Amino acid sequence: ITTTYIMSTPFTAPFTFIDLFCGIGGFHQALQRLGGECVFASDIEQKCRTVYQDNYDMPVAGDITEVPVEDIPACNVVCAGFPCQPFSIGGYRKGFDDTRGTMFFEIERILTDKKPKTFILENVVGILSHNEKNTVNTIRKKLKNIGYDIFEKILDAKDFGLPQNRRRWFCV
């Protein structure tokens, strides 16, 4: 998805991106290889921030809910592998009733203000059936209301040479 979709958008390398819920930098690795420059990263977990900072030699903000949108730079792409526990069959499936489940609305806040040309969202496939599909339909509606046409696909890590089944929902 990323190579085909991002490279077919109205911009070419170099481009800028922000990495929300960045973990240790999976999106950063992929987009940097495509010619992207990360201009902002955020993760609530201190250990992840430390690894990310060490790997990419850049500061990483903490809790995104405490970052004013004015402090986030403009970019071409927003990446967000937002917390999946509230939507996973391995969790309590509280969705938007779990604070972690509301992190999509932080993404919406940033997309609304920054208006990047595209975004990449990633989550567990359970998000598609959660709350009788109301959760994913809310996400779709919010993205369309701020002006985005969306494309969704389920990808499995095993189809990309990784030795595990790890199905994920991607929305660009």
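Quantities reported herein were computed from a predicted structural model and do not represent experimental measurements.
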Whether over 12 other heavy atoms sit under 6.0 Å from Glu132 CD: no
Joint cluster assignment, Leu111 & Phe40, ILVMFWY side-chain distance < 4.5 Å: yes
Phe17 side, atom CZ; Leu34 side, atom CG - distance, nearest 0.5 Å: 9.5 Å
OG on Ser42 to CD1 on Ile110, rounded to 0.5 Å: 7.5 Å
Side-chain heavy-atom pair Met58, Cys38 within 4.5 angstrom cut-off: yes
Aromatic ring pairing Tyr52/His28, orientation class (parallel under 30°, perpendicular over 60°, tilted between): perpendicular
Side-chain donor or acceptor of Asp43 paired with backbone N/O of Cys48 under 3.5 Å: no
Pairwise side-chain contact, Phe15 with Val77, heavy-atom cut-off 4.5 Å (strictly under): yes
Distance (rounded to the nearest 0.5 Å) between Ser129 OG and Asn134 CG: 11.5 Å
Residue Glu108 excluded, over 12 heavy atoms near CD under 6.0 Å: yes
Ile44 side, atom CD1; Cys22 side, atom SG - distance, nearest 0.5 Å: 11.5 Å
Heavy-atom donor-acceptor pair, Asp19 side chain to Gly25 backbone, under 3.5 Å: no
Transitive ILVMFWY side-chain link Ile18 to Ile64, under 4.5 Å: yes
Thr102 and Phe82, any side-chain heavy atoms less than 4.5 Å apart: no
Qualifying residue for side chain to side chain contact (heavy atoms under 4.5 Å, CB included) with Leu20, from Leu121, Ile107, Val67: Ile107
Arg49 and Gln53: side chain donor to acceptor below 3.5 Å: no
Asp159 CG to Arg166 CZ distance, which is reported to the nearest 0.5 Å: 14.0 Å
Asn76 side chain vs Thr16 backbone, donor-acceptor pair below 3.5 Å: yes
Polar side-chain atom of Glu37 near backbone of Gln32 as donor-acceptor pair, under 3.5 Å: no
Cluster overlap Leu31 with Ile24, hydrophobic side-chain contacts below 4.5 Å: no
Distance (rounded to the nearest 0.5 Å) between Glu122 CD and Phe170 CZ: 5.0 Å
Flag if over 12 foreign heavy atoms under 6.0 Å of CG, Asn145: yes
Donor-acceptor contact below 3.5 Å, side chain Asn123 vs main chain Trp169: no
In one Ile/Leu/Val/Met/Phe/Trp/Tyr side-chain cluster, 4.5 Å: Tyr56, Phe27: no
Side-chain donor or acceptor of Arg167 paired with backbone N/O of Ile154 under 3.5 Å: no
Exam field: side chain Lys114 to backbone Ile72, donor-acceptor pair closer than 3.5 Å: yes
Path from Val125 to Phe104 over hydrophobic side-chain contacts below 4.5 Å: yes
Backbone of Ile127 reached by a side-chain donor or acceptor of Thr135 within 3.5 Å: no
Thr65 side chain reached by Glu106 side chain, heavy atoms, under 4.5 Å: yes
Within-4.5 Å side-chain heavy-atom neighbours: Phe151 and Lys153: yes
Any side-chain heavy-atom pair of Glu152 and Val136 under 4.5 Å: yes
Flag, side chain of Asn137 to backbone of Lys133, donor-acceptor distance under 3.5 Å: yes
Minimum-distance pair of heavy atoms, taken over all atoms of Pro116 and Tyr148: O-OH, 2.7 Å
Donor + acceptor pair across side chains of Thr50, Gln46 (<3.5 Å): yes
